[in-house]
Amino acid sequence: QVQLVESGGGLVQAGGSLRLSCAASGRTFSSYAMGWFRQAPGKEREFVAAINWSGGSTDYADSVKGRFTISRDNAKNTVYLQMNSLKPEDTAVYYCAAGYGAGSLSAEYEYDYWGQGTQVTVSS
């Protein structure tokens, strides 16, 4: 069992930056691939970024490539999402997720555990 708690969301102006953190409980954090997803009002949840268990492989949605960076610190049981050059369309609730990453890291069904989410609001 893994429990995930996101933090770092907030209100920021367009062009600004935020860093989201996701702290995981349990001693097997380093076994999991980690992903970030987001859900805007009235829209389905969508993939943002993912990282494999070692941090050696990452994947990004086209909409965030070059602006967002996912990283992890297995010693701290934490995964991060650095978000730069934020746009109003990045406004959403951001969720982190953990899974064994046997398939595509961009697929929601690959993830077994989810956090409660943190709100990110980007004003224009």
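Throughout, numbering of the chain's residues begins at 1 and tracks the sequence.
Rounding to the nearest 0.5 Å places CD of Gln1 at 10.0 Å from CG of Asp112.
Judged as a side chain to side chain donor-acceptor pair (under 3.5 Å), and not counting sequence neighbours, Ser7 has no contacts. Under the side chain to side chain donor-acceptor pair (under 3.5 Å) criterion, Glu108 pairs with Arg45, sequence neighbours left out. Residues satisfying the side chain to side chain donor-acceptor pair (under 3.5 Å) criterion with Asn77, sequence neighbours excluded, are absent altogether. Residues forming a side chain to side chain donor-acceptor pair (under 3.5 Å) with Ser104 (at least two apart in sequence, or on another chain): Ser106. Applying the salt bridge (Lys or Arg N to Asp or Glu O under 4.0 Å) test to Lys65 and every residue at least two apart in sequence or in another chain returns Asp62. A search for ring-ring contact (aromatic ring centres under 6.0 Å, His included) contacts involving Phe37 returns Phe47, Tyr111, Trp114, not counting sequence neighbours.
Residue pairs meeting the side chain to side chain donor-acceptor pair (under 3.5 Å) criterion with at least one member in residues 115-124, sequence neighbours excluded: Gln119-Thr121. Evaluation of the ring-ring contact (aromatic ring centres under 6.0 Å, His included) test over residues 52-109, restricted to residues two or more places apart or in two chains, returns Tyr32-Tyr100. A salt bridge (Lys or Arg N to Asp or Glu O under 4.0 Å) check over residues 5-18, counting only residues at least two apart or in different chains, returns nothing. A salt bridge (Lys or Arg N to Asp or Glu O under 4.0 Å) check over residues 85-103, counting only residues at least two apart or in different chains, returns the pairs Arg38-Asp90, Arg67-Asp90.
In this structure, Ile70 and Thr58 approach most closely via the heavy-atom pair CG2-CG2, 3.8 Å. Shortest non-hydrogen contact noted between Arg72 and Asn52 is NH1-O, 2.8 Å. Leu81 approaches Ala49 most closely through the heavy-atom pair CD1-CB, 4.1 Å.
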What side-chain donor-acceptor pairs closer than 3.5 Å can you find for residues 10-26, not counting sequence neighbours?
residue: Ser17; atom: OG; partner: Asn84; partner atom: OD1; Å: 2.9
residue: Ser25; atom: OG; partner: Gln3; partner atom: N; Å: 2.9

Worked verdict on Lys76 versus Phe29 for side-chain contact (heavy atoms from CB on, under 4.5 Å): CA-CA 9 Å; Lys76 295 183 178 180; Phe29 174 76; over 6 Å; no
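Without hydrogens or angle criteria, Thr91 side chain to Val122 main chain gives a donor-acceptor distance under 3.5 Å.
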